[in-house]
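Notes follow once the structure below has been shown.
Quick note on labels: first sequence line is chain A, next is B, and so on, each numbered from 1. Remember, predicted model here, so these are calculated numbers, not experimental data.
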Number of protein chains: 2
Amino acid sequence: MLVTRDHRPGVSFWRSVGLFAFIRRLLFGAPLASSRQVHERLNKLLALPVFSSDAVSSVAYGPEEVLLALMGAGAIAWTVSLYVGIAIALLIVIVATSYRQTIFAYPHGGGSYTVAKENLGTYYGLVAAAALLTDYVLTVAVSIASGVFAFVSAYPEYAHYRTEFCVICVMVVALTNLRGLRESGALFAGPTYVFVGSLGLLCVMGLYKFFTGAPIHYVHPLSEHIPVLKTLGLVMILRAFSNGCSAMTGTEAVANGIPAFKPPESKNAATVMAWMATILIALVLGITFLAHVYRVFPSESESVVSQIARSIVGRGAFYMVIQWSTFLILVLAANTAFQDFPRLSSILARDRFAPRQLASIGDRLVFSNGITLLAGVAAILLIKFHGDTHALIPLYAVGVFAAFTLSQTGMGFRQTRLKHPGWRLRSGISFFGALITCVVTLVIAVTKFMQGAYIAIGLILALVFIFHKIHQHYITLGNQLRLTDESFKEPAAVRSTAIVLTSSIHQGILPALEYARTLSHDCRALFVEIDPLETAMIRDRWEKFGLGVPLVILESPYRSVIGPILRYLEEVKKERPNYVVTVVLPEFVPKKWWHKLLHNQSGLFLKIALMMRKDIVFTNVRYHVEK
Amino acid sequence: MLVTRDHRPGVSFWRSVGLFAFIRRLLFGAPLASSRQVHERLNKLLALPVFSSDAVSSVAYGPEEVLLALMGAGAIAWTVSLYVGIAIALLIVIVATSYRQTIFAYPHGGGSYTVAKENLGTYYGLVAAAALLTDYVLTVAVSIASGVFAFVSAYPEYAHYRTEFCVICVMVVALTNLRGLRESGALFAGPTYVFVGSLGLLCVMGLYKFFTGAPIHYVHPLSEHIPVLKTLGLVMILRAFSNGCSAMTGTEAVANGIPAFKPPESKNAATVMAWMATILIALVLGITFLAHVYRVFPSESESVVSQIARSIVGRGAFYMVIQWSTFLILVLAANTAFQDFPRLSSILARDRFAPRQLASIGDRLVFSNGITLLAGVAAILLIKFHGDTHALIPLYAVGVFAAFTLSQTGMGFRQTRLKHPGWRLRSGISFFGALITCVVTLVIAVTKFMQGAYIAIGLILALVFIFHKIHQHYITLGNQLRLTDESFKEPAAVRSTAIVLTSSIHQGILPALEYARTLSHDCRALFVEIDPLETAMIRDRWEKFGLGVPLVILESPYRSVIGPILRYLEEVKKERPNYVVTVVLPEFVPKKWWHKLLHNQSGLFLKIALMMRKDIVFTNVRYHVEK
């Protein structure tokens, strides 16, 4: 009898889940049918904003963090920051060139996890995955914190609510993603192009003013005389460089997303990658140079970009466009992580390295559990660090560069193995990229270790360990559960002793007694005597109303209900070794939910206590209270 | 077959509950047998500390709060505080005289709830009970806050941790009570007598110095010149009086506890009551007078008693004895509430006005749930009000005086009804006491309304409403469940359709299938199709390993598992109207608890969704994973 039916969640379902379902539907919309899972294909002009918002938005905090690390050395900071900016620009060229090869080698999406796993081995892949997951969380935290910083730079009267704003932003982005984001291309294009355009224009205006020798208007005159706290040293420069590397997070986004491009996918993706790298380099250098020209001093209350903009164009409409588009592109960057994190964790779940709940697609065709997890962890980080970008930066970037290193090393080995035409040059580029990013990873890890990198590194290692344990569990379990012709044997016929637990004798237990009677000829009722004075009365009433089921009375001098029952069940199992014991628990279903609080919850505790006992079946027979 | 067995919670029980049980046992000790429930009888010298610590300890904050309310009026405050002190002393005489009659009328304990319920009616009793419960919570909060204030007055370096200390004190007192307090008499005697003795000696020394004209050493010279902020008005004086009434909380303790006295119980209790009133009056007047003499100015950082003690004896050993005994007696006062609150709430539970869990006696023969509830609410209050006595005082006393009023009105009606010899005078005393305390209740409620009394009043009204709703539920339920010869009818024989829920076909579901087969001839397995590509494979394997149970496949285009199952169950019930549907859910029991997190929890959601459906029996067949 094979019956197939079509069901959509109907009224009865929602009514049964009640208010909760209503709110859920209000927030997330009606469920979407599996058949509606389609993929939007993006042309290059739409793909650029979608895949580059994460990387490009980093210029809002990258140059600022470089300056901040150098400020202790006095006015020389601005000069040094220029050299650091140039080093980062070179690094971008190297990584982008190397990743260009990945784009052509993995047209179906070459995430670091996939590349490292295929070419280096599973555990390298897991390290890359752990590093990326950690960094996606930090991308959300840092981007949102920096976005809110841009906002409170423009509206300092709200500076007091930074943390609250951050958490609200995370929630809004998470909810949007839980609803399922359809119109992504169009949505991203606006803020990204406005941001790139307005910041580009700002740079041009600033440079024009500088080269035409226009008078320079400093917003903070005091920044001319910054105190020298430490002498400039190698460690300080390396720290500044490590901070600046945060501007490179998100560079791998294009390589992850190749299937979303219009054909020819790889070629288009490579072009977009080149555009993105160019924009990124231009903006990093532009902002660093302008900060130098205008002697901008990183401050707790106003971002560097905001100070530059105020210096060049004053606090007018153009300034507001810059601040708002900065805020928006940073929120979009967080949004990118909300797409990447659930996707990567679902791949891990499908490979059985992560809890399988992360692979299940929710009502709205998105990986709801992954989204919720990411939002929760990011919100905790933001609250913990009071929405302060500077405090979060040391945790950041180390994971991304570890993933860069693994991915490029993987590519190098792949090219060496496949020996396609020109493999020597290609693998050379990959290995060179790997070497450089490896050095950068070590620099970040060492110079930022005590300020927070140890948290990120510890987290990555812990995640790899957890992936390993989870995998072990799923594999062991799968082997045990596997049904094959060899392992299959018809289970022995079941004989059952039915035991009804009663706390007194009333209407509510009659259905359970009747049900238990049909389960087995060996049916008993169990009563735990708390107050010996009541026992005689119970016995009398049982004779009358007990439906002929024998009553077993257990003394309990310590007033424990669960202890005596467990002991008795053990005895029954000894008495009847090949029987299954069915414990029948009569359960009230009150009219109102709060009535539940007015009754003892022994049933729940008993279920937990019986959890580990074998050959016990637990049956709930419910009695529905009428009024 | 009536079997009776003796069980004590054995090793198997503790092992099954594991670490939790171990910690529990460590904190609370081994369970005590019901037979060990004995009552200690106290002689007068031990009863005095046990029943008066609450009232007597109030002198640590009462006079201070009077002064605080008057300080705005400038130096005249000290003079006015003397008159307020005398008014409170008179009030103590009136209430004590009136309660003396309750002691003789209710030798088994005359709590306000009992007296008001018996003589005025149930709802007056409930108001008294709600008022008392509210005040017990506040007694804990105010006493602990004031005790910690005494401590940080002596050790100002710890002032920063006031709230934390308060919460720790509440937890220590709660744990002590959860363990069961045996040696109460001896425990209370020490701190109480030392407190009364040392404070008495301090008063004598202060008065001696004053009358012999010894030079007066002011600790805060600035208090000579306190600024006049407002003119002294009636409202200010009444507020001061209301504050001072907090010194009278706990006066009813003796009347509640008469059965704990050695015979003749009532006579001894009356004597102790008189002693207590005398001590209370002496200390209230003494401290108020000394505060006047030494121009003590209430401060955020040092209590009035501490300032007086420093002025008279300096910061030596005697000062430390005073501060420590103040701290200890205030903790004991909180402890008194930990005895009274659970007892009163257990009486309410037995009368079916409160959740029945409050009536159940825990492992250590104490009302564990009541103790935990009290500790939780008091801790929340202390955290919310930052452990600040002044902030809590306006919530306090209004409940106690409402209970006084109801109890004495009840006594008045009782005497008028019974017409024992001398009833005219006696009922006169009771009604006079009721009138005075009623006026005081109104004064407190009005003058303190906005500062916090509205919280206490709102809470009392809410509690009475809750008692009412709970009572209604228990009564309605009791009527429905009652089994009598008339209402009893043998339930119809049960026929069952067994439905096994499967998510795939593996070893883990075989036991459930086999069990379900024995339940009914109409046995089916249900599979919700999330991914249509898997269905054919499942079908093939089911033919081989499905033990011949027919498989029903439900399509689910929205990927919902619960919706299609609920719909199908409705159809089965329509198909077989007189059957019970037994839903058999195969359940994993993994080796390690965290493995549970790696599997979907659809079973739990399904149980909740099925909660309100009638004629559905829920059966868990567990599969124990081996490794």
Original post:
Measuring heavy-atom distances to chain A, does Thr484(B) have an atom under 4.5 Å in its side chain, in its backbone, in both, or in neither?
Top reply: backbone
Original post:
For the candidates Leu358(B), Thr582(B), Val580(B), Asp485(B), which exhibits the highest count of non-hydrogen atom pairs separated by less than 4.5 Å from chain A?
Top reply: Asp485(B)
Original post:
Do Phe618(B) and Thr619(A) have side chains that get closer than 4.5 Å, going by heavy atoms?
Top reply: no
Original post:
So which part of Ile509(A) gets closer than 4.5 Å to some heavy atom of chain B, the side chain, the backbone, both or neither?
Top reply: neither
Subject >> Arg517(A) versus chain B, the contacting section by heavy-atom distance below 4.5 Å >> reply: side chain
Original post:
What part of Phe527(B) gets closer than 4.5 Å to chain A, counting heavy atoms only: side chain, backbone, both or neither?
Top reply: neither
**OP:** Please flag which part of Leu519(A) lies under 4.5 Å from any non-hydrogen atom of chain B: side chain, backbone, both or neither.
**Re:** side chain
Original post:
Are any of the side-chain heavy atoms of Leu547(B) and Phe488(A) separated by less than 4.5 Å?
Top reply: yes
Subject >> Heavy-atom closest pair, residues Leu481(B) and His506(A) >> reply: O-CB, 3.2 Å
**OP:** For Gln507(B) and Gln480(A), work out which heavy atoms get closest and say how close.
**Re:** CG-O, 3.3 Å
Original post:
Any donor-acceptor pair under 3.5 Å linking the side chain of Arg541(A) with the backbone of Leu483(B)?
Top reply: yes
Subject >> From CZ (Arg622(A)) to CG (Asp615(B)), nearest 0.5 Å >> reply: 12.0 Å
